[in-house]
Protein chains: 2
Amino acid sequence: MVARRGRRNGAEVPFDADNAPTAEMPAVTDGDPVRVRSIPEAAVARLAVYLRVLSAMAEQGSTTVASEELATAAGVNSAKLRKDLSYLGSYGTRGVGYDVRVLVGQIERTLGLTRQHKVAVVGIGNLGHALANYGGFPGRGFPVEALFDVDPDLIGVPVGGIPVSHLDDIPEVCAERGISIGVIATPPTAAQSVCDRLVAGGVQCILNFAPVVLQVPEHIEVRKVDLAVELQILSFHVARRADEKKGSHAVGNGMVVP
Amino acid sequence: MVARRGRRNGAEVPFDADNAPTAEMPAVTDGDPVRVRSIPEAAVARLAVYLRVLSAMAEQGSTTVASEELATAAGVNSAKLRKDLSYLGSYGTRGVGYDVRVLVGQIERTLGLTRQHKVAVVGIGNLGHALANYGGFPGRGFPVEALFDVDPDLIGVPVGGIPVSHLDDIPEVCAERGISIGVIATPPTAAQSVCDRLVAGGVQCILNFAPVVLQVPEHIEVRKVDLAVELQILSFHVARRADEKKGSHAVGNGMVVP
DNA sequence: GAATGTGAAAGCGTTCACAGCG
DNA sequence: CGCTGTGAACGCTTTCACATTC
């Protein structure tokens, strides 16, 4: 996966390649004082997955879960899972497992999900439409509060309950409504300019669906979702597999081409 | 199940790198034509990005490009870029740079883009619709050749030129049409069952938009695109930043005290 | 007995810095 | 001289394995 990674551009920074995911915090105990040791970026992504699995388990009435079980459900191995959870602190009970609700709470806190993050979607084409209609976005906590497009026919039309505004109004509207996450679902040509306006509007993070490498200031976090890249990675694996005729030994499914 | 982790080797040629984890091949790679070695997964993802940038450059008439320039355009540093390209072989000219067209060709070949990969989209809701309408999918080479849904009102209706079939017909239709990539855009509850049927239909790779961890046989490659996870990662960074008022002093990677 | 939490080791991936070549 | 190609150093992740705790 992934693989991923967002920001970074700033061409020539002398030293300080920054980018080190560090997040430190004061200490201890439960309650609100979050204790955030620096958590590896890779672990953060998995925490979100664990959270989903745990939520499902909670709904089904599970109260505790062992690392092995949770790991399996999340598609990782148990050592990794325990290590990941250990970044949150020690919330398990030896010989028993983890309390599901406690863990849900801890992960939510760590991921900052106790706060709401208002989302703007830019580009109300097929994809933007789909995103806007997700209605309150996955698992709530990410309400869509602004939509933008250039198409005059769309301006003012409500999509998923929110009227579409014009691209030109991005900075004001975002600032006004306190948008913290901008989603770019425009054609590639518009993406950079949209991005700049989002930044101008005070947005802190950007989720970019446009196939472009965005240039952003240091302090803006960017994640990209690139369909073409995903498909090409899959294509690579298909090709690799096809060339793997060599392995000979009992590989299930032969399918070789001389 | 465990997250997969494939052995990866190169894409090409009779020779099969011994693919043992550690070993780099001894340097002896002389100017041989395309001798393969294993390409890191992370590099593969970037190759796709380089390819896009290079194609754009080619269209604008560039014939050669230096690593520094290409790297900047792709949002990486030049050392990484050169390393990545070196996995393809030596196609640059010292003191000059890379020939754009040659590089495009090499990357396409490595990514398996010289072949077509037929795509099926399952779940013709908002997102599936958007995907189906991408029409021939990003950058051609990934024609959508089958659509599936459960909704009786949708069956038979053409979307983006392809009539929608029923989920139950996934195995037959996929096998018939030689689908190699399945895209899952269904609600989470349906995803695993859809996945199983795609596999039964001979699909080799799956791109999963549903927020579920899919269980698949060893030989199937899965990539997931998870909106909720992306947003939660961004949320984490917002939270981290908010808590960062603490270290106060300038960016310099403050290793803060507990 | 059972399962967590974690140092230490093993793998990977990125960056450095320079040799090598046009 | 300029720029590629790459061994080697470095740092992040994952895995191992076991002491620790309930």
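Keep in mind the model is a prediction, meaning the values are calculated, not measured. Below, read A as the first sequence line, B as the second, and so on, with proteins coming before strands; counting in each chain starts at 1.
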S.K.: If I take atom CZ in residue B:Arg46 and atom P in nucleotide C:dG13, what distance separates them, rounded to the nearest angstrom?
M.R.: 9 Å
S.K.: Holding to side-chain hydrogen bond (donor to acceptor under 3.5 Å, both in side chains), I want the full list of residues that pass it with B:Ser235, two or more places apart in sequence or in another chain.
M.R.: A:His117
S.K.: Counting only N and O atoms by type, is there a donor-acceptor contact under 3.5 Å from the side chain of A:Gln116 to the main-chain atoms of A:Phe142?
M.R.: no
S.K.: Tell me which nucleotide among C:dC18, C:dT15, D:dT13 gets nearest to the side chain of B:Arg82.
M.R.: C:dC18
S.K.: I need the CD1-P distance between B:Ile39 and D:dG5, as an integer number of Å.
M.R.: 14 Å
S.K.: Distance check needed: C:dC12 P versus B:Lys80 NZ, whole Å only.
M.R.: 18 Å
S.K.: Does anything in residues 92-102 of chain A come within less than 4.0 Å of DNA chain C? Heavy atoms only, and list the residues if so.
M.R.: A:Gly92, A:Thr93, A:Arg94, A:Gly95, A:Val96, A:Gly97, A:Tyr98
S.K.: Pairs of donor and acceptor atoms involving the side chains of residues 42-53 of chain A, under 3.5 Å and at least two apart or interchain, shall be tabulated with distances.
M.R.:
{"from": "A:Arg46", "atom 1": "NE", "to": "A:Asp84", "atom 2": "OD2", "distance (Å)": "2.6"}
{"from": "A:Arg46", "atom 1": "NH2", "to": "A:Asp84", "atom 2": "OD1", "distance (Å)": "3.0"}
{"from": "A:Arg46", "atom 1": "NH2", "to": "A:Asp84", "atom 2": "OD2", "distance (Å)": "3.3"}
{"from": "A:Tyr50", "atom 1": "OH", "to": "A:Asp84", "atom 2": "OD2", "distance (Å)": "2.6"}
{"from": "A:Arg52", "atom 1": "NE", "to": "B:Pro211", "atom 2": "O", "distance (Å)": "3.1"}
{"from": "A:Arg52", "atom 1": "NH1", "to": "B:Asp226", "atom 2": "OD1", "distance (Å)": "3.4"}
{"from": "A:Arg52", "atom 1": "NH1", "to": "B:Asp226", "atom 2": "OD2", "distance (Å)": "2.9"}
{"from": "A:Arg52", "atom 1": "NH2", "to": "B:Asp226", "atom 2": "OD2", "distance (Å)": "2.5"}

S.K.: Would a distance-only check, ignoring hydrogens and angles, find a side-chain to backbone donor-acceptor pair under 3.5 Å from A:Asn208 to A:Val212?
M.R.: yes
S.K.: Which ones in residues 56-69 of chain A lie close to DNA chain C, meaning a heavy atom under 4.0 Å from one of its atoms?
M.R.: A:Ala66, A:Ser67
S.K.: Quick check: does any side chain N or O of A:Ser62 sit under 3.5 Å from a backbone N or O of A:Ala58, one acting as donor and the other as acceptor?
M.R.: no
S.K.: Can we say A:Glu41 and A:Arg223 salt-bridge, meaning some charged N sits less than 4.0 Å from an Asp/Glu carboxylate O?
M.R.: yes
S.K.: A:Asn77 CG to D:dC16 P: how many Å, rounded?
M.R.: 7 Å
S.K.: How long is the gap from CG on B:Asp196 to CD on B:Gln215, to the nearest 0.5 Å?
M.R.: 9.5 Å
S.K.: Give the rounded distance in Å between these two atoms: CG of A:Asp84 and C1' of D:dC12.
M.R.: 13 Å
S.K.: With B:Ser90, which residues qualify under side-chain hydrogen bond (donor to acceptor under 3.5 Å, both in side chains), at least two apart?
M.R.: none
S.K.: Please name all residues satisfying side chain to side chain contact (heavy atoms under 4.5 Å, CB included) with A:Glu69, sequence neighbours left out, ordered by chain then number.
M.R.: A:Met57, A:Val65
S.K.: Roughly, in whole Å, what's the span from OH in A:Tyr91 to C1' in C:dG5?
M.R.: 14 Å
S.K.: Among D:dA17, D:dT13, C:dT14, which is the nearest nucleotide to the side chain of B:Tyr87?
M.R.: C:dT14
S.K.: In whole Å, what is the span from the NZ atom of A:Lys83 to the P atom of D:dC12?
M.R.: 14 Å
S.K.: How many whole angstroms separate atom CG of A:Leu88 from atom P of C:dG5?
M.R.: 10 Å
